[in-house]
Asker: 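Below: one structure in structure tokens.
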Amino acid sequence: EGGGIYRHTRIVRAPTLNFDLNGVVARSAISWAGTPGATPRAASATLTLEATVRNQGTSASSAGTHVTFRVTDPMGEPVGTPASAPLPPVAPGATATVEQSVTLQDPALWSLRSPALYTVSAELVAAGTPVDGVNVSHGVREISFSGADPGPSCSVNHQPFKWRGFCDHDNFAVVGMAVPDRLKLFRAQMSRAVGGNSRRTSHNPPDPVMLDLYDALGMLVMDETRIFNSDNTSVAAMAGLVQRDRNHPSVAMWSFCNEVACEPPSSDPESAEPQAGAALFQAAAIAADPTRPTSANTPGWGGHWPPFIPDDKLTDQIQIQGFSHAGGGPKGSPAQFHAQHPTKPIFGSECCSCNTNRDTDSGCESSDGHDTCVQQSFAADCSQAQTDVYNLPKWIVGTMVWTLFDYIGEPSGGWPNVIGSFGQFDVAGFPKAQAFWYKALWLLRIDDSSADKPFPTNGHDLAGGGGITADPENFPQSDNPAHTVHIVESWEAPVAYPPSPTPPKTKSIHVYSDATSVELFVNGVSQGTRTIPVQTPGGDGGPTTNQTWATWTNLTWVAGNVSAVARDDSAVVVASETRRTSGAAAGLVLSLDVPSPISGTGTHLLLDGQDTALVRASVVDATGQVVHDAAHPVTFSVSGPGVLQGVHNGMNWQHGRNDLATVEAFHGLVRAVVRATSVAGRPEAEQALLAAIDLDSDIVTNHTPDNDVGSLTVTASTPGLPAVTLSIPVSTNPGSAGVKAVAAASAGKLVTF
């Protein structure tokens with residue numbers, strides 16, 4: 001789970017009479033208006049504003065001290081009437097809390113497509129002089145949960161909202177646990193790119209920067225702590241998590257624990273200990289934030305359902321029942337629990353552990369990751385069987401897939417693997433085949449009118465106006481953003497698995513698409529058409545016959561190409577893809593995945609000494625196609641205001657050091673992580689401070705003027721092929737290139753990979 005300081009760390013300087021840490025909080029209650037049967041309109045919202053003041057001085061606070069609250073709208077304009085509250089005398093070492101309210105007329109609501117954020121400012125005034133001030137963000141929204149048939153199980157602002165999200169361990173190739181802010185944005189945007197609208201912070205309190213980004217993107221969060229116990233330290237940690245994160249509109253529920261830490265088997269002699277903390281955790285959470293429900297990721301596998309132990313106290317306390325890896329159908333944990341608790345909300349807080357390797361045609365079937373084998377790319381059968389458990393029943397809140405990205409540690413498939421291969425993207429951020437499956441099912445098959453779809457795919461959805469086809473330079477590969485078709489396997493010579501001295505002469509091809517039919521061609525000859533029916537919500541999440549992929553088996557392999565043509569219900573071609581047998585490596589191609597408008601991560605790297613870019617190197621043949629089995633050693637160098645932080649190839653058995661300049665390609669791809677070293681984009685005071693105290697790092701404080709910051713150039717080379725270069729745009733303007741500004745500008749807009 002990492003170690004050391006891997007997040008932003010700050011020292012806060014304040015006067016002896018100051019706002020307590022996390023002591024300013026805003027809550028809103030919406031007054032709705034409208035006609036029966038129609039989605040109501042928010043007529044007004046009353047903000048309840050609270051501030052706790054701490055006296056760290058040696059004498060009581062003076063009379064006449066007061067707190068003034070002000071509210072500004074998402075455009076920075078004042079709204080409502082400023083409200084002041086007198087502060088009662090505060091003794092040394094004590095605290096006092098004041099409360100006021102501000103009413104907003106016709107408030108802008110916080111939602112997935114349009115996450116409006118207000119700013120609440122609290123000012124502490126003593127003897128007529130402001131002595132402290134705090135700003136917090138606030139989103140006006142109403143989220144409700146229900147377990148009753150027929151749903152909806154969750155609503156946001158009175159609109160049905162099915163959670164489709166991912167768990168994730170917060171680490172990444174090269175950087176480990178110290179994930180830079182722009183890479184956090186990249187990870188959030190890739191969730192949106194496959195239809196994700198939510199995140200579980202498995203299994204630790206999240207980086208506040210991450211919550212800021214989800215606030216800006218409109219995504220919902222299950223905010224989780226790690227240690228569930230009855231001791232004072234654990235309970236205080238839960239209270240601290242809630243106090244710290246309660247102003248984030250993205251946070252929709254609190255989670256107490258994970259799996260057996262929630263409900264250990266009764267054979268465990270200490271099984272009663274965590275349970276004793278249930279009431280204490282619940283009281284701590286509700287005291288700090290009475291507006292959000294509590295939950296927990298309880299074990300659901302093997303037919304178990306809470307209570308997992310005879311004397312279960314956790315289920316009695318939490319308000320949403322979370323399940324980890326539960327089975328579907330009438331005998332599955334959710335259905336059993338629902339039968340006994342028909343009105344309690346149920347959540348698939350962890351599911352769908354399906355292991356894959358990027359671009360691996362032959363291997364073992366995806367399972368629980370404990371078998372020693374090489375995992376193949378195809379895993380739609382695993383993904384469908386497990387997501388159906390929570391996606392189909394209307395009385396289940398939603399699904400948190402394990403995981404969005406591969407991660408360091410918890411390796412699947414046995415040695416020599418060192419990386420968990422559960423992700424839809426590999427550890428270096430390259431998409432695996434399952435990313436296209438989720439995109440087809442979770443994004444493109446969701447109607448544009450659904451409030452739980454992160455952006456429309458049939459309308460004008462790009463920042464700056466116009467449909468995606470109006471921007472071919474930034475989105476050259478997306479001729480039709482409303483549909484996709486993806487061929488899982490390559491058209492290279494078939495390989496036997498398990499290995500055999502006699503290579504096979506045929507191979508199978510799987511295709512993912514949101515379209516309802518796909519026709520496959522091998523060297524121009526049709527191999528037939530397969531239908532991909534639309535899943536029908538409802539039922540108990542048991543097995544269905546609606547297969548969400550297309551399969552062709554026993555295809556005689558002859559070098560050339562395989563093509564998939566997707567058609568809609570009217571037999572109109574809506575998407576196509578061709579994969580060719582690779583030729584000899586003819587060159588390297590460099591491209592920029594981050595920052596990039598395609599991935600929703602901006603257009604420039606901010607010169608703040610920390611911002612980070614992701615560069616992709618592809619080994620291609622004469623046609624420009626990535627050479628499927630290319631394993632060329634690729635070496636990178638960087639010139640200008642940046643440094644090469646390291647390289648990776650996304651391979652799950654990559655054992656080399658991450659801070660080297662060279663790594664072999666894995667299926668033709670290599671990742672370089674490049675960090676800005678200039679701090680020209682920081683305020684002058686911070687630049688001067690860094691120049692004085694940061695003497696041993698590679699931070700550059702003697703930068704060029706703001707209008708001439710220079711260029712950041714990446715060079716890649718491999719023996720036998722010409723070297724290539726790529727320029728990374730840089731900026732000194734955090735107002736446009738800063739990560740939070742980029743996130744806010746991309747809300748409701750299309751992103752892809």
Asker: Is there a side-chain contact between P734 and D608 in this structure, where contact means two heavy atoms from C-beta onward sitting under 4.5 Å apart?
Answerer: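 No, side chains not in contact.
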Asker: Report the residues that fulfil side-chain contact (heavy atoms from CB on, under 4.5 Å) with A278, sequence neighbours left out, ordered by chain and then residue number.
Answerer: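 side-chain contact (heavy atoms from CB on, under 4.5 Å) check on A278 returns F228, K313, L314, Q317.
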Asker: Below 4.5 Å, heavy atoms only, C-beta onward: do F281 and W254 meet side chain to side chain?
Answerer: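 Side-chain contact under 4.5 Å: no.
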Asker: Where is the tightest heavy-atom contact between P595 and R182, given as atom of each residue plus distance?
Answerer: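 Residues P595 and R182, closest heavy atoms: CB-CD, 4.2 Å.
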Asker: Name all residues meeting the salt bridge (charged side-chain N to carboxylate O under 4.0 Å, His left out) criterion together with K344; count only those two or more places apart in sequence or in a different chain, and write none if there are none.
Answerer: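 Not a single residue meets the salt bridge (charged side-chain N to carboxylate O under 4.0 Å, His left out) criterion with K344.
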Asker: Is there a donor-acceptor pair under 3.5 Å between the side chain of S44 and the backbone N or O of A42?
Answerer: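 It does not hold such a pair.
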Asker: Under the salt bridge (charged side-chain N to carboxylate O under 4.0 Å, His left out) test, which residues partner R192, sequence neighbours left out?
Answerer: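 With neighbours one apart ignored, the set is empty.
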Asker: Run the side-chain contact (heavy atoms from CB on, under 4.5 Å) test against T65 and tell me which residues pass, sequence neighbours left out.
Answerer: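 Checked T65 against side-chain contact (heavy atoms from CB on, under 4.5 Å); matches are L17, S62, L87, L124, A126.
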Asker: Rounded to the nearest 0.5 Å, what separates atom CG in L217 from atom OG in S746?
Answerer: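 Going from the CG atom of L217 to the OG atom of S746 covers 5.0 Å.
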Asker: Between the side chain of S255 and the main-chain N/O of E224, is any donor-acceptor distance below 3.5 Å?
Answerer: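 Side chain of S255 to backbone of E224, a donor-acceptor pair under 3.5 Å: no, none is there.
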Asker: Taking C-beta and beyond as the side chain, do P74 and L117 meet within less than 4.5 Å on heavy atoms?
Answerer: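 Not touching, per the 4.5 Å side-chain cut-off.
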Asker: According to the side chain to side chain donor-acceptor pair (under 3.5 Å) rule, which pairs have a member within residues 240-249, sequence neighbours left out?
Answerer: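 As it turns out, the side chain to side chain donor-acceptor pair (under 3.5 Å) pairs with a partner in residues 240-249, which skip direct neighbours, are D215-H248.
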Asker: Fit a plane to each ring of F161 and W163, take the angle between them on a 0 to 90° scale, and name the class: parallel (under 30°), tilted (30 to 60°) or perpendicular (over 60°).
Answerer: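 It falls in the perpendicular class, over 60°.
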Asker: Between the side chains of S202 and E350, is a donor N or O closer than 3.5 angstrom to an acceptor N or O?
Answerer: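 No pair is found: no donor N or O on one side chain lies under 3.5 Å from an acceptor on the other.
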Asker: Do the side-chain N and O atoms of H8 and D181 include a donor-acceptor pair separated by under 3.5 angstrom?
Answerer: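 Their side chains do contain a donor-acceptor pair, which is all the 3.5 Å distance test asks for.
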Asker: Does S295 reach the main-chain N or O of I320 with its side chain, forming a donor-acceptor pair under 3.5 Å?
Answerer: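 Judged by distance alone, yes, a pair lies under 3.5 Å.
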Asker: Decide yes or no for S191 and M219: does some side-chain heavy atom of the first lie under 4.5 Å from some side-chain heavy atom of the second?
Answerer: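 The answer is yes, as the side chains (C-beta and beyond) meet within the 4.5 Å cut-off.
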Asker: Quick one: does F19's side chain get under 4.5 Å of V53's, heavy atoms only?
Answerer: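 Answer yes - side chains close enough.
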Asker: Could you name each residue pair satisfying ring pair (Phe, Tyr, Trp, His ring centres under 6.0 Å) that touches residues 127-159, not counting sequence neighbours?
Answerer: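 Passing the test, one end in residues 127-159: W32-H158.
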Asker: According to the interplanar angle, ranging from 0 to 90°, do the rings of F166 and W442 count as parallel (below 30°), tilted (30 to 60°) or perpendicular (above 60°)?
Answerer: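 Ring orientation of F166 relative to W442: tilted.
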Asker: Would you say S449 and D447 are linked by a side-chain donor-acceptor pair, where the criterion is simply a distance under 3.5 Å?
Answerer: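 Yes, side-chain donor-acceptor contact under 3.5 Å.
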Asker: Could you tell me whether the side chain of R27 reaches within less than 4.5 Å of the side chain of V25, counting heavy atoms only?
Answerer: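 A side-chain contact exists here, since the closest heavy-atom pair is under 4.5 Å.
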Asker: Examine the side chains of Q321 and T298 and answer whether a donor and an acceptor come within less than 3.5 Å of each other.
Answerer: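 Yes, a side-chain donor-acceptor pair sits under 3.5 Å.
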Asker: Between D452 and K162, does any NZ, NE, NH1 or NH2 come within less than 4.0 Å of an OD or OE carboxylate oxygen?
Answerer: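 A salt bridge is absent here (no side-chain N lies under 4.0 Å from a carboxylate O).
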Asker: Show every salt bridge (Lys or Arg N to Asp or Glu O under 4.0 Å) that has at least one partner inside residues 100-115, sequence neighbours left out.
Answerer: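 Counting only pairs at least two positions apart or across chains, the salt bridge (Lys or Arg N to Asp or Glu O under 4.0 Å) contacts touching residues 100-115 are R41-D106.
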Asker: Using a 3.5 Å distance criterion without hydrogens, assess whether the side chain of T457 forms a donor-acceptor pair with backbone atoms of L444.
Answerer: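 Pair absent, no side-chain N/O of T457 close to backbone of L444.
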Asker: For F69, enumerate each residue passing the ring-ring contact (aromatic ring centres under 6.0 Å, His included) test, keeping only those at least two apart in sequence or located in another chain.
Answerer: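 Here no residue qualifies.
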Asker: Rounded at 0.5 Å granularity, tell me how far CE in M253 sits from CZ in R292.
Answerer: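 Here the interatomic distance stands at 11.0 Å.
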Asker: Check salt bridge (charged side-chain N to carboxylate O under 4.0 Å, His left out) between D132 and all other residues, then give those that pass, not counting sequence neighbours.
Answerer: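 Applying salt bridge (charged side-chain N to carboxylate O under 4.0 Å, His left out) to D132 gives none.
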Asker: For side chain to side chain contact (heavy atoms under 4.5 Å, CB included), just list the numbers for V194 and Q424, CA-CA rounded to whole Å, side-chain angles, deciding distance to a tenth of an Å, and then say yes or no.
Answerer: CA-CA 9 Å; V194 299; Q424 321 318 311; 5.9 Å; no
Asker: Quick one about T294 and Q282 (side-chain donor to acceptor, distance below 3.5 Å, no hydrogens or angles considered), yes or no?
Answerer: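 T294 and Q282 do have a side-chain donor-acceptor pair below 3.5 Å.
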Asker: Let me confirm one number: the CG-OG1 distance from L49 to T68, rounded to the nearest 0.5 Å.
Answerer: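 Answer for the CG-OG1 pair, L49 versus T68, is 11.5 Å.
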Asker: Please check this pair: side chain of S61 against backbone of V90, looking for a donor-acceptor N/O pair closer than 3.5 Å.
Answerer: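 Looks like yes, one N/O pair under 3.5 Å.
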Asker: Take T399 and R164 through the test side chain to side chain contact (heavy atoms under 4.5 Å, CB included) and record every step on the way to the result.
Answerer: CA-CA 5 Å; T399 309; R164 302 181 191 92; 6.0 Å; no
Asker: Does R187 make a cation-pi contact with F405, if we ask for NZ or CZ under 6.0 Å from the ring centre and within 45° of the axis?
Answerer: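 Checked: cation-pi criterion met.
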Asker: With sequence neighbours left out, write down each residue that passes side-chain contact (heavy atoms from CB on, under 4.5 Å) with A108, or none if nothing qualifies.
Answerer: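 Expected list: A116, Y118.
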Asker: So do W110 and S28 actually touch side chain to side chain, heavy atoms under 4.5 Å?
Answerer: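 S28 vs W110: side chains apart.
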Asker: Could you tell me whether the side chain of P206 reaches within less than 4.5 Å of the side chain of D170, counting heavy atoms only?
Answerer: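 Result no, sub-4.5 Å side-chain heavy-atom pair not found.
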Asker: Please report the interatomic distance SG(C257) to CZ(R226), rounded to the nearest 0.5 Å.
Answerer: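 Reported value, rounded in 0.5 Å steps: 10.5 Å.
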Asker: Please name all residues satisfying side-chain contact (heavy atoms from CB on, under 4.5 Å) with Q535, sequence neighbours left out, ordered by chain then number.
Answerer: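 By the side-chain contact (heavy atoms from CB on, under 4.5 Å) rule, Q535 matches Q384, D388, L392, T544, N546, T548.
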Asker: Per the side-chain hydrogen bond (donor to acceptor under 3.5 Å, both in side chains) rule, which among N22, T95, T97 passes with T52?
Answerer: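 Only one of N22, T95, T97 forms a side-chain hydrogen bond (donor to acceptor under 3.5 Å, both in side chains) with T52, namely T97.
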Asker: Which of parallel (below 30°), tilted (30 to 60°) and perpendicular (above 60°) describes F172 and F186?
Answerer: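 If you compare the ring of F172 with that of F186, the planes turn out perpendicular.
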Asker: To the nearest 0.5 angstrom, please state how far the CG atom of D168 sits from the NE2 atom of H203.
Answerer: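 Answer rounded to 0.5 Å: 10.5 Å.
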Asker: Quick one about T119 and N135 (side-chain donor to acceptor, distance below 3.5 Å, no hydrogens or angles considered), yes or no?
Answerer: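 Checked: N135/T119 side chains show no N/O donor-acceptor pair below 3.5 Å.
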Asker: Tell me every residue that passes ring-ring contact (aromatic ring centres under 6.0 Å, His included) with Y214, counting only those two or more places apart in sequence or in another chain.
Answerer: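 Once residues adjacent in sequence are excluded, Y214 has no partner under the ring-ring contact (aromatic ring centres under 6.0 Å, His included) criterion.
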Asker: Could you give the distance from OG1 (T612) to CG (L183), rounded to the nearest 0.5 Å?
Answerer: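 Between T612 OG1 and L183 CG, I get 5.5 Å after rounding to 0.5 Å.
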